[in-house]
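Written out below as structure tokens is the structure these notes cover.
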Amino acid sequence: MERVIIIRYAEIHLKGKNRGFFEHVFANNLERSLRGIRHELHRTSGRWLIEKFEETRTEEIAERISKVFGVHSYSVGYLIGSSMEEIFEGAKLVAPHEGTFKVETHRAYKQYPLNSMEISAEIGGRLIETYPALRVDVHSPQHTVYVDVRENGSALVFCAFGEGAGGMPVGTSGKGLLLISGGIDSPVAGYMMAKRGMTVELLHFHSYPYTNEGAKEKVVSLAKILSPYTLVTRLTTVKVTKIQEEIHAKCAAELNVTLLRRFMFRIAERFAKEHGLQCLITGESLGQVASQTIEGLTSSNAVVSLPVLRPLVGFDKEEIILRSRKIGAYETSVLPFEDCCTVFLPEHPAIRPALSFIEEEEGKLNVQALVEEALATAEKIEF
Ligand code: ATP
Ligand code: MG
């Protein structure tokens with residue numbers, strides 16, 4: 001009798017012609033997430049099975065695969081022979097010892113001597129004899145013991161379903177560059193694009209020495225929290241101190257944030273194009289702060305040609321926080337370190353800056369040189 005983890009996948013079945021490709025990427029992603037844990041991954045009619053793994057690490061495996069996009073649900077169960085004796089032995093191990101239950105059988109092997117109803121009745125009967133505190137309730141049981149009789153003379157039994165992350169396998173929807181701050185929003189934005197199957201690389205801007213090592217470490221922590229989902233284990237940082245000082249010294253104070261954001265976008269686009277990334281991703285949400293008005297978003301878009309994806313654009317802060325908590329990022333995001341956006345923050349940032357005014361102020365700077373200089377500070381952090 002072998003302990004196994006049964007994995008059911010989510011949206012892959014929608015992709016008719018590309019199904020082979022999706023499944024290939026999905027399997028690869030499962031393998032990557034299980035790196036360092038002995039196991040075998042096998043495909044079986046419409047599902048995947050993890051076999052021959054270190055049983056003491058079952059929970060760790062379950063935790064990791066629950067974060068792989070494309071996983072709809074998973075169950076820890078047993079792979080056994082299909083005789084009634086063996087099915088019963090397996091059922092005993094997964095069944096609850098008290099409360100109400102039913103047995104539900106699926107029989108792919110139609111020549112099996114008993115039909116599904118008969119198998120369920122037989123196994124259910126034997127379970128009650130074994131665990132007298134169990135009671136059958138076929139309509140609304142607290143527990144269901146599932147028996148799956150397969151065509152190759154084996155069977156699967158399991159009882160509980162773990163919730164998967166859903167979505168599509170990362171690597172099936174292109175590549176994007178997430179502008180990641182230490183805040184609540186951008187990690188959630190990255191999570192959401194990865195959930196749609198996008199490979200999400202990370203770029204962070206700091207303004208050392210105004211922002212400190214702690215701020216950088218916080219972003220690395222956030223990147224690590226994201227990595228079981230995105231399967232990306234690197235982050236690039238770029239220093240924008242000089243840009244901020246120049247803006248502060250030469251331009252209208254109320255445009256600080258607007259101008260900095262345009263620099264960030266230019267730098268990010270250059271980086272993205274150099275690394276074969278097809279779009280930028282931000283955590284902006286319409287109207288959330290002064291710079292996130294439609295005018296603000298338009299002024300940033302105006303300096304890049306790549307599409308800018310803003311998966312949170314229509315979300316309330318509460319909705320974003322809920323997702324942040326679900327990902328496990330919230331506690332880290334709210335740690336009190338300064339982000340470069342809060343350095344030189346004007347008292348009254350422009351809410352609806354006119355593009356002509358922005359361009360006039362920006363004209364006081366050597367934009368190209370500042371972008372090049374910043375790009376030269378790029379530092380790759382692998383974790
Ligand atoms: P967040 O919670 O993601 O910081 P926010 O609501 O605080 O967002 P801003 O600080 O105005 O809003 O930032 C808007 C977006 O700009 C962020 O979601 C992020 O994508 C990008 N951004 C801001 N600061 C940085 C930074 N230091 N490095 C990289 N990207 C940044
Ligand atoms: Mg922020």
Side-chain angles (χ1 to χ4, degrees), residues 176-193 200-208 210-212 214-220 222-223 225-226 235-241 243-244 255-272 277 279-293 295-297 299-301 303-304 306 308-325 327 329-346 349-351 353 374-375 377-379 381:
L177 179 63
L178 174 68
L179 281 69
I180 184 169
S181 72
I184 297 168
D185 304 339
S186 37
V188 176
Y191 168 91
M192 289 187 64
M193 294 324 302
V200 177
E201 297 286 342
L202 310 175
L203 183 66
H204 173 69
F205 299 103
H206 66 90
S207 40
Y208 186 79
Y210 300 105
T211 56
N212 59 23
K216 204 194 246 182
E217 273 158 29
K218 175 180 169 180
V219 176
V220 174
L222 288 170
I225 291 167
L226 277 182
L235 158 78
T236 302
T237 65
V238 165
K239 183 168 154 182
V240 289
T241 315
I243 293 173
Q244 292 192 271
L255 288 185
N256 263 0
V257 180
T258 308
L259 294 175
L260 175 60
R261 195 71 85 239
R262 279 160 65 96
F263 273 98
M264 285 182 174
F265 273 49
R266 287 186 181 99
I267 294 165
E269 180 173 67
R270 276 282 300 276
F271 183 90
L277 309 173
C279 63
L280 307 184
I281 304 163
T282 77
E284 290 162 308
S285 149
L286 188 66
Q288 191 186 83
V289 294
S291 60
Q292 295 176 19
T293 56
E295 289 81 359
L297 304 185
S299 103
S300 320
N301 279 15
V303 298
V304 292
L306 284 183
V308 182
L309 304 185
R310 297 177 168 97
L312 308 184
V313 75
F315 280 6
D316 297 339
K317 197 74 190 185
E318 286 83 79
E319 295 175 273
I320 299 170
I321 289 175
L322 213 67
R323 280 180 165 72
S324 170
R325 285 192 191 280
I327 303 167
Y330 186 74
E331 274 68 32
T332 306
S333 282
V334 296
L335 292 175
F337 286 105
E338 255 203 304
D339 184 55
C340 66
C341 293
T342 53
V343 178
F344 304 125
L345 190 67
I351 294 174
L375 275 165
T377 70
E379 205 183 307
I381 302 173

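Order of appearance sets the numbers: ligands from 1, and atoms from 1 within every ligand.
- A donor-acceptor distance shorter than 3.5 angstrom exists from the side chain of Asn212 to the backbone of Ala215, with no hydrogens or angles considered.
- Contact check on Glu338 versus Lys218 returns no salt bridge, with no Lys/Arg side-chain nitrogen under 4.0 Å from an Asp/Glu carboxylate oxygen.
- When all heavy atoms of Asp339 and Ser181 are compared, the closest pair comes out as OD1-CB, 3.9 Å.
- For Lys239 (side chain) and Ala374 (main-chain N/O), no donor-acceptor pair under 3.5 Å exists by modelled atom type.
- Atom 17 (C) of ligand 1 has Gly283 N, 4.0 Å as its closest protein atom, hydrogens excluded (heavy atom only).
- The shortest heavy-atom distance from His206 to ligand 1 is not under 4.0 Å.
- Contacts of Leu203 with ligand 1, taken as heavy-atom pairs under 4.0 Å, involve the backbone alone.
- Looking only at protein heavy atoms, the nearest one to atom 4 (O) of ligand 1 is Ser181 OG, 2.4 Å.
- Between Phe205 and ligand 1, an N or O atom pair is found at a separation short of 3.5 Å.
- With ligand atoms numbered from 1 in the order given, ligand 1 contributes 24 (N), 25 (C), 26 (C) to contacts under 4.0 Å with heavy atoms of Met264.
- Across every non-hydrogen atom of Tyr208 and Thr241, the tightest pair is O-OG1, 2.7 Å.
- Within ligand 1, counting atoms from 1 as listed, the ones closer than 4.0 Å to a heavy atom of Thr282 are 20 (O).
- Salt bridge annotation for Glu318-Arg323: absent, with no cationic side-chain nitrogen under 4.0 angstrom from a carboxylate oxygen.
- Taking the six-membered ring for Trp and the full ring otherwise, Phe344 and Tyr210 have centroids separated by under 6.0 Å.
- Less than 4.0 angstrom separates atom 7 (O) of ligand 1 from none of the non-hydrogen atoms of the protein.
- Looking at atom 2 (O) of ligand 1, its nearest protein heavy atom turns out to be Asp185 N, 2.8 Å.
- Protein heavy atom in closest approach to atom 19 (C) of ligand 1: Leu179 O, 3.2 Å.
- Closest protein heavy atom to atom 15 (C) of ligand 1: Glu284 CG, 3.8 Å.
- At the shortest separation from atom 12 (O) of ligand 1 among protein heavy atoms lies Gln292 NE2, 3.0 Å.
- Within a 6.0 Å radius of CG in Leu375, more than 12 heavy atoms belonging to other residues, nucleotides or ligands are found.
- Side-chain N or O atoms of Gln292 include one that pairs as donor or acceptor with a backbone N or O of Ser285 at under 3.5 Å.
- By the 3.5 Å distance cut-off applied to N or O atoms, Ile184 is counted among the residues near ligand 1.
- In this structure, a donor-acceptor pair under 3.5 Å is absent between the side chains of Asn256 and Arg261.
- Across every non-hydrogen atom of Thr293 and Leu286, the tightest pair is C-CD1, 4.1 Å.
- Residue-ligand proximity: Thr211 is placed with every non-hydrogen atom at 4.0 Å or more from ligand 1.
- The closest protein non-hydrogen atom to atom 11 (O) of ligand 1 is Arg261 NH2, 2.5 Å.
- At a 3.5 angstrom cut-off on N or O pairs, Ile180 counts as close to ligand 1.
- Proximity to Gly183 (heavy-atom distance under 4.0 Å) selects the following atoms of ligand 1: 1 (P), 2 (O), 4 (O).
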